[in-house]
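See below for the structure under consideration.
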Amino acid sequence: MLQFMSNGKNFSTENNSIEILEVLKALSLDGKKIIAAKLNGQLLDLSRVVDFGGEIEPVSVESDEGLEILRHSTAHLMAQAVENLYPGSKFGVGPAIKDGFYYDIDLNGAALTEQDLSKIEAEMRKLAGKAEKITREDLSKAAALEFFKARGDEYKVELVEAVDADTVSIYRQGDYVDLCRGPHVPDTSKIHNFKLLSLAGAYWRGDEKNKMLTRIYGTAFATPDELKDYLKRLEEAKLRDHRKLGRELDLFSLHEEGPGFPFFHPKGMAIMNTLIDFWRREHIKRGYQEIRTPQILDRELWLKSGHWDHYRENMYFTEIDEKPFAVKPMNCPGGILVYKTQLHSYRDLPIRMTELGVVHRHERSGVLHGLMRVRCFTQDDAHIYCEPSQIRDEVMKIMELDKYVYNDVFGFKYSVELSTRPENSMGSEEQWNAAENALKEALEISGTPYHINAGDGAFYGPKIDFHLEDCIGRTWQCGTIQLDFQLPERFDMSYIGEDGKEHRPVMLHRTILGSLERFLGILIEHYAGAFPYWIAPVQIKIIPVANEHVNYAKELSDEFLKSGLRVEIDTRDEKLGRKIRDAQLQKIPYMIVLGDKELANKNIAVRERSKGDLGSMSVDEFKNLLAQEFNPIH
RNA sequence: GCCGGCGUGGCUCAGUGGUAGAGCAGUGCACUCGUAAUGCACAGGUCAACGGUUCAAAUCCGUUCGCCGGCUCCA
């Protein structure tokens with residue numbers, strides 16, 4: 001006898017096996033949207049026959065788990081369509097991912113273009129129309145190996161070999177067979193709302209030594225509206241693209257003459273400089289001192305620091321007077337030379353030295369991306385030299401600054417990761433353990449939620465990384481805190497302790513914004529180009545109604561410029577509506593309209609970019625208005 | 001670096017073998033204008049670069065560069 005329970009309802013059968021769907025029916029838990037079930041927490045197909053009972057719960061296509069199943073089944077449907085259209089295709093992996101699914105396929109020499117996606121979609125719809133049953137079969141590992149070997153499915157063979165169990169399952173729909181853990185929707189007619197999105201190359205098992213397969217990305221949703229909303233969100237994301245806005249708002253440009261080396265225009269620099277002003281104030285408040293170190297340094301220094309051994313691939317080299325030099329990819333070795341110009345006392349520690357360091361790193365050509373991934377960028381770097389006992393406090397202070405900047409000032413959500421010892425690293429096991437524990441402690445005492453990213457630390461020490469979430473849910477690494485016992489050792493750094501003897505300081509590397517270039521890119525997308533007043537490249541646009549109002553406009557502009565505001569006048573011989581429109585498109589926070597009325601009353605008409613016309617007011621009233629704007633620099 | 005796609009005036013894009021097109025932006029002229037586009041005219045491109053096929057190449061082929069979407073890597 002088998003017994004099933006769900007939310008207080010019970011069902012039992014005298015048989016010693018039963019199909020899941022029958023159980024749900026008996027409990028009146030079946031329905032159009034139910035595509036799978038959970039028995040004792042395990043996800044199962046509706047057609048699965050079980051010989052045990054327990055707590056059962058239907059899985060709707062509208063739940064997170066149901067959606068994942070739907071997407072996974074859609075990936076299979078796509079694979080089936082590809083197999084029909086491109087005979088001889090071999091399949092790699094095809095998982096559901098955030099927002100959709102993909103399948104990696106060896107097309108047997110065929111090449112796809114984006115146009116082929118609609119052909120594949122059409123084939124998918126045809127197959128879905130047939131409502132083919134999706135059935136599961138359990139095979140022994142040996143039988144599965146034999147089966148896939150016989151079909152010449154080399155990738156599936158490799159996957160089966162890697163499975164750590166005696167049996168594996170395969171799923172069939174029509175002639176299509178795939179190795180899969182499941183579960184799946186009961187039949188292909190359950191798959192309606194899908195779209196294939198893009199093509200890409202992807203290395204088999206993510207290893208660039210392996211063959212490159214064709215990856216097809218797609219998405220699927222429970223309802224047509226959800227699919228439509230998602231596609232709309234993709235469109236909206238395109239409108240926020242920092243490369244497009246950077247051109248439209250005249251912030252920066254990219255040129256063939258300097259791949260990966262962005263050019264900043266006056267308006268881009270206005271934002272950058274405001275950002276730097278803000279950054280400096282916050283660091284001075286928190287006891288940092290700023291330094292600057294050279295761009296090019298003797299190669300010997302990089303041999304000593306370990307960069308030659310661990311980072312050479314990413315460095316640029318040059319020669320001065322026949323002597324080898326390197327362009328700096330990091331600021332730390334230069335900073336250490338500054339530290340070593342003096343003898344330090346324990347009383348001086350912690351020493352917090354910042355540097356807006358311009359670093360060059362060679363990135364492979366395929367990875368460059370606007371301001372987000374470049375070959376030359378400005379790090380808002382800092383190095384903190386302290387005693388081991390001070391590490392925890394210093395880390396917590398940095399995390400406090402991170403929270404203030406990310407959350408309070410810019411309104412980003414962010415998450416924290418702890419990255420541990422990688423391969424190809426320097427130092428002993430004990431040092432790494434101590435370093436990792438120090439960071440863990442700081443995270444735990446401050447109650448910061450984090451997850452561990454094993455093996456992703458820097459070659460000289462473990463790190464805490466801060467990932468900001470942008471407007472479309474992508475995450476970007478900005479801040480990092482890296483603990484380093486190696487460089488102090490290599491450079492024989494010291495301070496004089498209370499005991500009058502020399503001690504080795506610990507070094508913390510950290511950034512808050514990460515790369516100023518990337519941070520600007522993130523801000524552009526986050527605000528969709530409509531920067532808050534305090535950081536907007538042009539804060540006020542003065543718009544004279546006609547020629548005879550231009551002089552008044554210039555007087556006003558001079559006054560604003562003197563008080564440090566970023567202001568422009570539109571003196572073009574255009575109609576008011578046109579000038580307003582252009583200022584709106586430039587997303588300028590405030591517009592001031594000056595015509596006969598304003599000239600006569602010596603006041604101004606103010607328009608705010610999102611609130612519209614605010615009516616007339618005196619210049620003083622306007623300044624009061626500005627004073628109420630959020631502004632972390634004042 | 002690898003896979004696929006793309007590269008036509010400042011921008012967005014049409015043109016797929018027969019001597020380069022549009023809209024916006026720009027310039028000139030007229031209008032002197034009240035809260036998201038005034039009208040007319042003019043100017044602007046050796047069609048990414050180089051090589052090849054052809055009587056003829058923006059268009060077909062090859063190489064290189066750059067960009068886009070991914071993979072790998074990363075701030």
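Residue numbers start from 1 in every chain, and the chains themselves are labelled A, B, ... in the order their sequence lines are given, proteins ahead of strands. All values reported here derive from a predicted model rather than from experimental measurement.
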Interatomic spacing from CD in A:Glu436 to CD1 in A:Ile452 - rounded to 0.5 Å: 8.0 Å
Measuring from the side chain of A:Arg243 (C-beta onward, heavy atoms only), which nucleotide among B:C68, B:C67, B:C74 has the closest atom? B:C68
From the options B:A37, B:U35, B:G70, select the nucleotide whose nearest atom is closest to the side chain of A:Arg215. B:G70
Testing B:C74, B:U35, B:G34 for proximity to the side chain of A:Lys597, the answer is B:G34
Between B:U32, B:A75, B:G34, which nucleotide has the shortest distance from any of its atoms to the side chain of A:Asp596? B:G34
Closest nucleotide among B:C2, B:C33, B:G26 to the A:Arg572 side chain: B:G26
If you check the A:Arg373 side chain, which of B:U35, B:C73, B:G70 turns out closest? B:C73
Pair A:Glu574 + A:Arg581: basic N to acidic O under 4.0 Å: no
Under-4.0 Å salt bridge between A:Glu394 and A:Arg510: no
Restricting to nitrogen or oxygen on both sides, can you table the protein-nucleotides 3-7 of chain B pairs closer than 3.5 Å?
{"from": "B:C3", "atom 1": "O2", "to": "A:Gly201", "atom 2": "N", "distance (Å)": "3.0"}

Protein and nucleotides 8-12 of chain B: nitrogen or oxygen contacts under 3.5 angstrom:
{"from": "B:U12", "atom 1": "OP1", "to": "A:Arg247", "atom 2": "NH2", "distance (Å)": "3.0"}

For the side chain of A:Leu585, counting heavy atoms from C-beta on, which of B:G34, B:C33, B:A36 is nearest? B:A36
With a 6.0 Å cut-off on ring centres, are A:Phe410 and A:Phe519 close enough? yes
Test salt bridge (charged side-chain N to carboxylate O under 4.0 Å, His left out) applied to A:Lys587 - qualifying residues, sequence neighbours left out: none
Report the nucleotide, chosen from B:U38, B:G26, B:A75, that has the shortest atom-to-atom distance to any side-chain atom of A:Lys463. B:A75
Step through it carefully: locate the ring centre of A:Tyr288, locate the ring centre of A:Trp279, and say whether they are under 6.0 Å apart. no
